[in-house]
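In what follows, a single structure is set out as structure tokens and then discussed.
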Amino acid sequence: MKKLKPENTVQKEIIDLIEYRGGYVFKVIRANMKGVSDLIACYKGFFIAIEVKKEGSSWDDATKLQKKQIEWVREAKGIGEVCSSVDEVKRILDKIDTLMIL
């Protein structure tokens, strides 16, 4: 049985991917309000908030406050997601790359 990656490992992989692809990213250690996403990034002009969960998790594993923060980011025309793998973030960045080609 495959061992699932813990949240801190998934976070490190996501940070490395965004930086490798030329984006800016920082890990939120402490915020002025509860529920702020774990990672805040800017990639090709797009604001991205990522709530990172351990591998195999989903939207349902985010707290009510975390979901509300993501909804606020989306309402402000940013990208807000709950992610539990680097592949999920890769798909987000790939989609942005596709938009930039148009």
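Taking 4.5 Å as the limit, every side-chain heavy atom of Val86 sits out of range of all side-chain heavy atoms of Val10. Residues Ile18 and Tyr24 have side chains not in contact (no heavy-atom distance under 4.5 Å, counting atoms from C-beta outward). Put simply, the side chain of Ile50 does not reach to within 4.5 Å of the side chain of Ile79, judged on heavy atoms.
Within 6.0 Å of NZ in Lys44 there are more than 12 heavy atoms belonging to other residues, nucleotides or ligands. By the 6.0 Å contact criterion, NZ on Lys67 is enclosed, its count of non-hydrogen atoms from other residues, nucleotides or ligands being greater than 12.
Atom CZ of residue Arg74 and atom CZ of residue Phe47 lie 13.0 Å apart, to the nearest 0.5 angstrom. Considering CD1 of Ile14 and CD1 of Ile48, their distance stands at 10.5 Å, rounded to 0.5 Å. Rounded to the nearest 0.5 Å, atoms OG1 (Thr63) and CD (Glu51) are 7.0 Å apart. The CD atom of Gln11 lies 5.0 Å from the CD atom of Glu7; values are rounded to the nearest 0.5 Å.
One hydrophobic cluster, built from ILVMFWY side chains closer than 4.5 Å, holds both Leu93 and Ile15. Follow the hydrophobic side-chain contacts under 4.5 Å out from Tyr20 and you never reach Phe26; the two are in separate clusters. One hydrophobic cluster holds both Val28 and Val73 under the rule that ILVMFWY side chains link at heavy-atom gaps under 4.5 Å.
Residues satisfying the side-chain hydrogen bond (donor to acceptor under 3.5 Å, both in side chains) criterion with Asp94, sequence neighbours excluded, are Arg21, Lys90. With sequence neighbours excluded, the residues forming a salt bridge (Lys or Arg N to Asp or Glu O under 4.0 Å) with Glu55 are Lys2, listed by chain and number.
Closest heavy-atom contact between Ile92 and Cys83: CD1-SG, 4.1 Å.
Looking at Glu88, its side chain does come within 3.5 Å of a backbone N or O of Ser85 through a donor-acceptor pair.
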Kindly determine whether Val25 and Glu19 satisfy side chain to side chain contact (heavy atoms under 4.5 Å, CB included), including the steps that lead there.
-> CA-CA 7 Å; Val25 61; Glu19 289 178 342; 3.7 Å; yes

Using the salt bridge (Lys or Arg N to Asp or Glu O under 4.0 Å) rule, take Lys12 and Asp16 through it: C-alpha gap first, then chi angles, then the decisive distance, then the call.
-> CA-CA 6 Å; Lys12 174 75 170 101; Asp16 290 347; 2.8 Å; yes

Return all side-chain donor-acceptor pairs below 3.5 angstrom for residues 34-43, not counting sequence neighbours, or 'none' if the list is empty.
from, atom 1, to, atom 2, distance (Å)
Asp38, OD2, Val52, N, 2.9
Tyr43, OH, Asp97, OD1, 2.7
Tyr43, OH, Asp97, OD2, 3.2

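Lys53 and Gln66 share a side-chain donor-acceptor pair at under 3.5 Å.
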